[in-house]
Asker: 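Pasting a structure below so you can have a look.
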Amino acid sequence: QVQLVESGGGLVQAGGSLRLSCAASGRPFSTYAMGWFRRPPGKEREFVAAISWSAGSTYVADSVKGRFTISRDNAKNTVYLQMNSLKPEDTAVYYCAASATGVHNTPTIQDLYGYWGQGTQVTVSS
């Protein structure tokens, strides 16, 4: 079992930055691939970014490429999502997720992630 707790969300103006954190507890964090997803208001949950257990591979959605960066610190059992140049369309609840099987080259498949956090709200004002 892995427990995930997100933090760092909030209200920010367009063009601003936020860094989300996801702290994991339970089974060894370093064995899990990690992902960030988001659910915009009135829309389906969508993939944002993912990172392999070793941080050797990262994946980022086209909609946030060049603005968002995913990273992890296995010593701190934490994965991060640095969000720069935020836009109103980035407004969503952001979720952290863990995959025990790895995501290989299909990080957008939500069924690969067996553990999810409760989410943190990010609101970008125009």
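Excluded from the calculations below are hydrogen atoms, water molecules and symmetry mates; all remaining heavy atoms, backbone and side chain alike, are included.
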Asker: Roughly how far, to the nearest 0.5 Å, is CG of Asn84 from OG1 of Thr69?
Answerer: 6.5 Å
Asker: Suppose the criterion is disulfide (SG to SG under 2.5 Å): which pairs have a residue in residues 29-61, not counting sequence neighbours?
Answerer: none
Asker: Are side-chain heavy atoms of Met34 and Trp53 found at a separation under 4.5 Å?
Answerer: no
Asker: Do Trp36 and Phe68 have side chains that approach each other closer than 4.5 Å (heavy atoms only, starting at C-beta)?
Answerer: no
Asker: Apply salt bridge (Lys or Arg N to Asp or Glu O under 4.0 Å) to Glu89 and list each qualifying residue two or more places apart in sequence or on a separate chain.
Answerer: none
Asker: Just jot down the side chain to side chain contact (heavy atoms under 4.5 Å, CB included) partners of Ser25, sequence neighbours excluded, or say none.
Answerer: Gln3
Asker: So how far is it from Ser21 OG to Lys76 NZ, rounded to the nearest 0.5 Å?
Answerer: 9.5 Å
Asker: Report yes if the side chains of Leu20 and Thr120 come closer than 4.5 Å at any heavy-atom pair, otherwise no.
Answerer: yes
Asker: Which heavy-atom pair separates Leu81 from Ala49 by the least distance, and what is that distance?
Answerer: CD1-CB, 4.1 Å
Asker: If you look at every heavy atom in Ala24 and Val2, which pair is closest and at what distance?
Answerer: CB-CG1, 4.2 Å
Asker: What pairs meet the salt bridge (charged side-chain N to carboxylate O under 4.0 Å, His left out) rule with one or both residues in residues 95-113, with sequence neighbours excluded?
Answerer: none
Asker: Tell me who clusters with Phe37, hydrophobic residues only, linked when side chains sit under 4.5 Å apart either directly or through other members.
Answerer: Phe47, Tyr59, Val93, Tyr95, Val103, Ile109, Leu112, Tyr113, Trp116
Asker: How long is the gap from OG on Ser57 to CD1 on Ile51, to the nearest 0.5 Å?
Answerer: 9.0 Å
Asker: Measure across Val122 and Leu18 and return the closest heavy-atom pair with its distance rounded to 0.1 Å.
Answerer: CG1-CD1, 3.9 Å
Asker: How far apart are the closest heavy atoms of Ser85 and Ser17, and which atoms are they?
Answerer: N-OG, 4.3 Å
Asker: With Thr31, which residues qualify under side chain to side chain contact (heavy atoms under 4.5 Å, CB included), at least two apart?
Answerer: Pro28
Asker: Of the non-hydrogen atoms in Ser125 and Leu11, which two are nearest, and what is the gap between them?
Answerer: CB-CD1, 4.3 Å
Asker: Kindly write out the residues that satisfy salt bridge (Lys or Arg N to Asp or Glu O under 4.0 Å) with Asp62, not counting sequence neighbours, or none if the list is empty.
Answerer: Lys65
Asker: To check you understand the geometry: which heavy-atom pair defines the closest contact between Tyr32 and Arg72, and what is its length?
Answerer: O-NH1, 2.7 Å
Asker: Measuring from Asn77:CG to Ser30:OG, what's the distance to the nearest 0.5 Å?
Answerer: 8.0 Å
Asker: Report the residues that fulfil side chain to side chain contact (heavy atoms under 4.5 Å, CB included) with Ser71, sequence neighbours left out, ordered by chain and then residue number.
Answerer: Tyr80
Asker: Which pairs pass disulfide (SG to SG under 2.5 Å) with one or both residues in residues 83-126, sequence neighbours excluded?
Answerer: Cys22-Cys96
Asker: With no hydrogens and no angle check, just 3.5 Å: does a side-chain donor-acceptor pair link Thr78 and Asp73?
Answerer: no
Asker: Evaluate the criterion side-chain contact (heavy atoms from CB on, under 4.5 Å) for residue pair Val12 and Thr123; output intermediate values, then yes/no.
Answerer: CA-CA 6 Å; Val12 64; Thr123 303; over 6 Å; no
Asker: Pairs in or reaching into residues 42-53: which pass salt bridge (charged side-chain N to carboxylate O under 4.0 Å, His left out), with residues at least two apart or in two chains?
Answerer: Arg38-Glu46
Asker: As an exercise, state the distance from OG of Ser99 to NE2 of His104, rounded to the nearest 0.5 Å.
Answerer: 7.5 Å
Asker: Mind checking what makes salt bridge (Lys or Arg N to Asp or Glu O under 4.0 Å) contact with Arg67, not counting sequence neighbours?
Answerer: Asp90
Asker: Taking side chain to side chain contact (heavy atoms under 4.5 Å, CB included) as the test, write out the residues that go with Ala14, two or more places apart.
Answerer: Pro88, Val124
Asker: Can you tell me if Gln121 uses its side chain to pair, donor with acceptor, with the backbone of Gly10 under 3.5 Å?
Answerer: no
